[in-house]
Asks: 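Pasting a structure here, questions to come.
Sequential numbering from 1 along the given sequence is applied to the chain's residues. Ligands are counted one by one from 1 in listed order, and the atoms in each one are counted from 1 as well.
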Amino acid sequence: MKKNIFTILSILSAFTLFAGGYKTTGVVDVSTNDTSMIFSYTKNKTPHFEYYGKKISNPKDFIGLRTLTPSEMGEENPLYSARGGKNYIEPALSVIHFDGDLNTELRFVDVKKSTSDNGNIETTTISLKDTKYNFLVDLIYTAHKKENVITQRAEITNNEDGDITLQNFASSYVSLRAKKYFLTHINGQWAYEANVSEDELTRGTKSIVSRKLVRTTLSENPAFMLALNTPRNERLGEVIAGALVWNGNYKIDFDYDDFMQLNIISGIAPTNYKLKKGEKFITPEMVLTYSANGSGQASRNLHDWARNYGIYKGNQQRPIILNCWEGTGFDVNESIMYEIIDDAAELGAEIYVMDDGWFGSEKFPRDNAKAGLGDWQINKRKFPNGIAPIADYTVKKGMRFGIWIEPEMANPNSEIAQKHPDWIVGAKGREKPTIRYQWLLDLSNPEVQDFVFGVFDSVLKMSKNITYIKWDANRHLEQIGSNFMPADEQERFYIKYVEGLNNVYKRIRAKYPDILVQACASGGGRIDYASLKYCEEVWGSDNTNPFCRLFIQYGESLFYPMKAIGAHVPKSGSRGIETSMKFRTDVAMMGRFGIEMRPKNLPPDEYKELKRAVGIYKRIRNIVQDGDMYRLISPFEDKNFAANMFVSKDKSKAVAFIFQHTFASVYYRPFIKLEGLDPNKKYKVVESNISGKSNAPIHNRIVSGEYLMNQGINNRFNKSFMSVMYEITEVK
Ligand code: DGJ
């Protein structure tokens, strides 16, 4: 009898242990050409995140399965983790409901599908509702079929009987199962952007976060790659990559949970956001891709998506720019501008950009960073005839004219700051901190939005020949406080600032669709897909040292296509190292090529070489800007070499750039295998961007794609900072 009771008890306990979990009754499939994201719901309409990975063509296989998770163990892989009920996983959503209830239990209501863009886009809307309140969440998944990208956002509606507070309100929630997880993300500082960090994740939560509001991406970029099971490899293995379309505070959590699953929760950084009765909050989009062929493919997916959908005029060719900043600093004036414009035209540049220093009132001229910011009138001392004749002259010389502004900021030493102290961000009764001697203007205030729009508008009115704007932002948020937002809504400022900025961008784009805009923020402080939605390009970094740029551009290329990254040739010695013009131009040609100097100061042979490189870039730019990028050797992994190549979509043309940044023995000449070519095509390989005879082991030869991709190319390098560039063209 004793034995029998024991048996019954153990059967019962096994039953309680294993009878839980959930059984799926319905399934929702969001898929692209090669990937699937699959969700399910149970009989009581609890929604779950089932799968993200390689395409599963029969999603119905997911129906009727029961997980083995014990029922006492909380809520396994929710679709969109909400605080409360049985769920204690890191929340994508936490809400204080109108009466103080902290729980939200989302249940599946329905799903709707629609297609657009000739079937390339399929949008799936999953509607969810709380079990107790009239609180609604729509999760919107947009599948971009041929790019293999799925974007996700949430639309949260408060139909309760009063105001509620959102604390977490993520754009996306993804739940993965693998044995190990390796996280890659890019971070750094001013002049040290996009440093690649890679780590295996251990149990707990790791976050990528910025609370700086402005120039957020100088320090952390809202993007990641996650390699499953084995460390990230360019060519092999499963990788999930993501980038958030938000230019303010963000947080991406990697939560290794109790079920040994990794949940990725991406969105605006949590804050107390009051959502008033009847209001709807729309989160930014999170862009996700999956690759079964390593991180190279993940990047190429994102680059394709970016060109087709993510970047303003993403498919348009990008011009070559000469910017004077590193040549002149604040010392811009009429005669120096004419001098540089002549050189820019002679070199073959297509846009000339006059940087900081051209404006300011008589009392506060912009002669350095300490004064004048915010007073957008032409400095008559430097430009007695105004800016228009200079813009006209640039156009006469066959180029476009561009100009620098920083409209969101003001120096305390400016008329505008003195006239509108209420426009300055900061708390009443506290000393407002400056960064680079400047304050931030309160873009949550519509009057300030009008002012910022007005700066752009009035600058363009100076001449019809101004057709490029470099929009800079040289500080971040310190000390929150808005005179415009009511006292009990101050925390809304973090979001209202960004919405204010994006409203201005929208107004600008409605009025000026064809003005080329660069988002710059002390270099690479605005490298994100929200800025790129309105701006054609970003400035890669204030660090133009070509050795450093090999690293910075590598990191940026993980998530952003190189056509969007300004990469300029500096004078030798920029940030401390002497390098040849050849090395500097080879590095800059891997991005949106440009020049950053006063060319008059160049030795004549370098001037000639620079002009040659401009000509070459015009020939190859379609391959670099719109082709597929292959990162052949990472400078972060190899002590001596770095290499990248770009291949046109039809595989008929390619360019390869190989660098020896640190000298290795002349006997150390590893073969570098090219990628992305057609093994069956014949290609002519020509060393390019050289003076005199080629020293390359392969030059002016016709070989097969098969040879180039399997045997590869070795190179003769005999010192540091040497490089070789090949133009590779199909021969029929
Ligand atoms: C920071 C930018 O990154 C530079 O390129 C330059 O425009 C300066 N600001 C001007 O102040």
Side-chain angles (χ1 to χ4, degrees), residues 188-194 212 214-219 247 321-333 336-337 340 344 349 351-360 364-376 379 382 401-411 413-414 434-440 455-456 459 466 468-476 516-528 531 535-545 548-549 552-553 556 564-571 574-575 588 591-598:
Q189 242 310 343
W190 174 77
Y192 181 51
E193 294 88 342
K212 291 184 171 165
V214 181
R215 60 173 194 184
T216 49
T217 70
L218 271 190
S219 38
N247 41 352
I321 290 168
L322 191 151
N323 183 304
C324 68
W325 174 248
E326 286 190 17
T328 58
F330 293 94
D331 285 334
V332 290
N333 65 43
I336 295 177
M337 290 307 102
I340 307 182
I351 302 191
Y352 172 68
V353 180
M354 177 166 74
D355 213 282
D356 201 349
W358 59 268
F359 54 92
F364 298 116
R366 180 73 169 171
D367 291 330
N368 50 48
K370 292 184 179 164
L373 194 59
D375 298 341
W376 296 101
N379 181 320
K382 295 176 182 177
F401 183 78
I403 198 164
W404 179 98
I405 57 172
E406 191 178 359
E408 294 154 84
M409 316 269 175
N411 288 124
N413 288 329
S414 68
T434 54
I435 302 175
R436 206 199 192 204
Y437 313 101
Q438 65 197 53
W439 284 329
L440 187 63
V455 172
F456 195 100
V459 163
I466 300 177
Y468 176 101
I469 295 287
K470 173 172 173 178
W471 180 313
D472 206 347
N474 286 298
R475 67 160 290 166
H476 52 263
L516 221 150
V517 183
Q518 180 187 75
C520 169
S522 308
R526 275 191 170 152
I527 306 185
D528 59 69
S531 305
C535 306
E536 281 88 343
E537 61 171 35
V538 296
W539 177 221
S541 175
D542 273 354
N543 187 344
T544 50
N545 169 329
C548 303
R549 274 293 185 127
I552 293 169
Q553 292 174 195
E556 291 167 348
I565 309 285
H568 292 184
V569 181
K571 68 177 195 307
S574 146
R575 308 241 177 250
R592 197 279 290 132
F593 183 82
I595 302 167
E596 186 80 24
M597 62 170 85
R598 196 169 165 183

Asks: Between Trp471 and Phe456, what is the ring plane arrangement, given parallel below 30°, perpendicular above 60°, and tilted in between?
Replies: tilted
Asks: Can you name the residues that form a salt bridge (charged side-chain N to carboxylate O under 4.0 Å, His left out) with Arg475, not counting sequence neighbours?
Replies: none
Asks: Taking any residue with a non-hydrogen atom under 4.0 angstrom from an atom of ligand 1, which ones do you get?
Replies: Trp325, Asp355, Asp356, Trp404, Arg436, Lys470, Asp472, Asn474, Cys520, Ser522, Gly523, Trp539, Asp542
Asks: Return the set of residues passing salt bridge (charged side-chain N to carboxylate O under 4.0 Å, His left out) with Asp331 (not counting sequence neighbours), or none when no residue passes.
Replies: none
Asks: Grab the two heavy atoms, one from Pro570 and one from Glu326, that are nearest each other, plus how far apart they are.
Replies: CB-OE1, 3.7 Å
Asks: For the residue pair Asn474 / Ser522, report whether a side-chain donor-acceptor contact shorter than 3.5 Å exists.
Replies: yes
Asks: I'd like to check the side chain to side chain donor-acceptor pair (under 3.5 Å) partners of Ser219; sequence neighbours left out, ordered by chain and number.
Replies: Lys212
